[in-house]
Amino acid sequence: MKTIKIGRNPDNDIILDDSSRTVSGYHAVLKVYDNGNITLNDNSTNGTYINGVKANKGIEVAVKKGDEVRFGPHFVLNWSLVDIPVAKHDATVIENGEEVSYTIGTESDNRIVISDPDNHVSRHHAILKLKRDGKYFIYDQSTNGIYVNGVKIKSKVDFPVSTTDSISLSNSYELDWNRIPNVSVPKAAPHVLNPPNEYRSNYSATTQNSTKIWSYLVSAAIFAGMIYFTYSKFNKPSKNQLKTQTAQLDSVVVSVQSDARMQPNTDIQTIVKIDISTLYERNKDAVFIIYTSDGTNNSQGSGFFISYSGVGISNYHVFKGTGRGLESIKTENGTFKVESVLASSDENDYIVFKVAGNGTTFPYLNIASSLPRVGEDVFAIGAPEGLKQTLSKGIVSALRTESDLTLIQTTTQITHGSSGGPLFNMRGEVIGITSGGLDAADLNFAVSIVGRGFDRY
């Protein structure tokens with residue numbers, strides 16, 4: 001491991017010449033490990049920003065070459081000054097004839113390093129295994145567990161997963177499948193059972209007997225079908241019964257998708273999506289009302305928690321022009337003051353802040369690891385005109401990207417007072433911050449927060 005000190009003082013490894021003194025004397029420390037992993041620890045007064053998000057002071061976070069690392073308001077890290085070794089074969093990658101495995105956790109010797117300042121994720125939390133047949137398994141060895149599609153799995157066993165599954169470490173950090181290396185493991189040749197010569201006569205007899213059994217079964221199936229057809233003809237349900245059955249089916253949406261890794265004639269994975277009423281009940285308490293004031297005029301918006309400790313997100317414009325100390329949020333647990341701003345962007349219309357919880361544990365939401373596709377169902381929870389926990393539903397109409405900003409266009413209604421609330425996919429993950437809309441034209445927009453790094457808080 002190599003330690004690189006960065007700051008204004010002349011004894012640093014990387015010296016930042018800053019006459020304005022916005023950079024601290026010993027601003028930050030980079031640690032470059034032999035396996036190529038890199039971590040950063042901020043020690044400064046004016047902060048260090050990773051891809052526009054302020055790092056928590058004194059907490060080691062994972063970074064990678066190419067990230068925009070800014071020290072204070074002006075100085076951006078020149079990565080050419082950082083000597084990064086060629087990644088060696090990592091001891092945490094276990095290869096044998098059956099699988100390739102990757103360790104996951106907060107410790108820097110993991111292949112997949114997780115940045116978790118709240119310490120919910122264990123140092124060596126899990127092992128992701130890719131078997132020879134191309135199937136994935138997750139092995140939980142943590143303190144706080146692993147949740148697959150919202151359900152906690154059993155620890156110390158290989159649990160089957162796929163790239164379509166939502167995997168949450170300790171139910172607080174969503175695993176990003178894009179961080180898993182594209183491992184190519186050759187599949188074993190198919191095993192064909194040929195009976196030995198001395199058993200072939202018996203094998204043929206068994207085959208003939210099986211043929212007879214199948215002919216009996218086919219005849220029985222045809223007879224059962226005739227009975228069913230006769231019964232169905234004279235016992236058709238009424239129109240009212242059909243409507244009731246259709247309404248019951250609407251509460252559960254079943255979609256069949258084929259895994260991208262599957263070859264023809266392989267199994268098809270069936271995914272059952274949770275109905276919207278259940279998703280609403282699970283997530284509504286993490287959404288709150290925001291009240292702001294400039295000392296004369298009062299305003300109201302929405303927001304949501306992304307951490308049990310009280311880290312919240314909303315639109316920047318909800319807070320713009322407000323008087324410091326005049327902001328508050330209202331939840332099911334009471335009213336709380338905004339303690340500090342952790343990150344914000346007027347241009348990208350987001351703000352990340354911490355409320356003074358006084359030991360309160362808050363319900364929180366998970367952030368999605370990928371953008372939705374056009375046409376997908378989505379829903380929002382907010383407080384239009386102050387009406388808390390209002391649900392609205394629609395589809396993704398378009399994804400519009402300009403510079404560093406991605407807007408999700410949706411038919412989901414977003415009206416005054418809803419700004420700053422969460423837009424969800426149908427797995428209950430947040431994909432965007434609702435920002436506004438034109439009701440007459442059914443044009444509504446949300447600022448995407450996928451890949452913003454907000455899950456580090």
In a table with atom names and distances, give each donor-acceptor pair under 3.5 Å that connects a side chain of residues 352-367 to protein atoms at least two apart or in another chain.
from	atom 1	to	atom 2	distance (Å)
Lys354	NZ	Ser309	O	3.0
Thr360	OG1	Gly357	O	2.7
Tyr364	OH	Asn171	O	2.5

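In this structure, His125 has no ring pair (Phe, Tyr, Trp, His ring centres under 6.0 Å) partners at least two apart in sequence or on a different chain. Scanning for ring pair (Phe, Tyr, Trp, His ring centres under 6.0 Å) contacts around His120 gives Tyr308, with sequence neighbours left out. With sequence neighbours left out, the side chain to side chain contact (heavy atoms under 4.5 Å, CB included) criterion links Asn46 to Thr22. Under the side chain to side chain contact (heavy atoms under 4.5 Å, CB included) criterion, Asn348 pairs with Ser345, Tyr350, Asp404, Leu405, Arg452, sequence neighbours left out. Under the side chain to side chain contact (heavy atoms under 4.5 Å, CB included) criterion, Asn56 pairs with Ile59, Pro117, Tyr457, not counting sequence neighbours. Checked against salt bridge (charged side-chain N to carboxylate O under 4.0 Å, His left out), Asp11 has no partners two or more places apart in sequence or in another chain. Residues satisfying the side-chain hydrogen bond (donor to acceptor under 3.5 Å, both in side chains) criterion with Thr278, sequence neighbours excluded, are Asp275. When the salt bridge (charged side-chain N to carboxylate O under 4.0 Å, His left out) test is applied to Glu107, no partner is found at least two apart in sequence or on another chain. Annotation: ring pair (Phe, Tyr, Trp, His ring centres under 6.0 Å) contacts of Phe379 (sequence neighbours excluded): Phe424.
Contacts classified as side chain to side chain donor-acceptor pair (under 3.5 Å) and involving residues 421-437 (residues at least two apart or in different chains) are given here: Ser166-Glu429, Asn425-Glu429, Arg427-Glu429. Among pairs with a residue in residues 375-395, those fulfilling salt bridge (charged side-chain N to carboxylate O under 4.0 Å, His left out) read Glu332-Lys388, Arg373-Glu376, at least two apart in sequence or across chains.
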Stepwise side chain to side chain contact (heavy atoms under 4.5 Å, CB included) test for Phe445 and Ile414: CA-CA 8 Å; Phe445 296 92; Ile414 303 168; 5.9 Å; no
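Side-chain atoms of Asp18 come within 3.5 Å of backbone N or O of Arg21 as a donor-acceptor pair.
Using a 4.5 Å heavy-atom threshold, the side chains of Ile127 and Lys129 count as touching. Proximity of Asn12 to Tyr26: side-chain heavy atoms (C-beta onward) are separated by under 4.5 Å at one or more points.
In this structure, CD in Gln389 is found 5.5 Å from CG in Asp285, a value given to the nearest 0.5 Å. To the nearest 0.5 angstrom, Ile6 atom CD1 is 11.0 Å from Ser44 atom OG. Atom-to-atom distance recorded for Leu423:CG and Ile431:CD1 is 4.0 Å, nearest 0.5 angstrom. Distance check: Thr103 OG1 to Ile112 CD1 gives 8.0 Å after rounding to the nearest 0.5 Å. Annotation: the span from Ile395 atom CD1 to Thr410 atom OG1 amounts to 7.5 Å, rounded to 0.5 Å.
Side-chain contact check for Ser302 and Ser418: no donor-acceptor pair (N or O, by modelled atom type) lies under 3.5 Å. Side chain to side chain, Ser170 and Asn144 fail the donor-acceptor criterion of an N or O pair below 3.5 Å. Between the side chains of Asp140 and Ser142, at least one donor N or O lies within less than 3.5 Å of an accepting N or O.
Taking the centre of each ring, Phe305 and Phe288 come in below the 6.0 Å mark.
Around NZ of Lys65, the count of heavy atoms belonging to other residues, nucleotides or ligands within 6.0 Å does not exceed 12.
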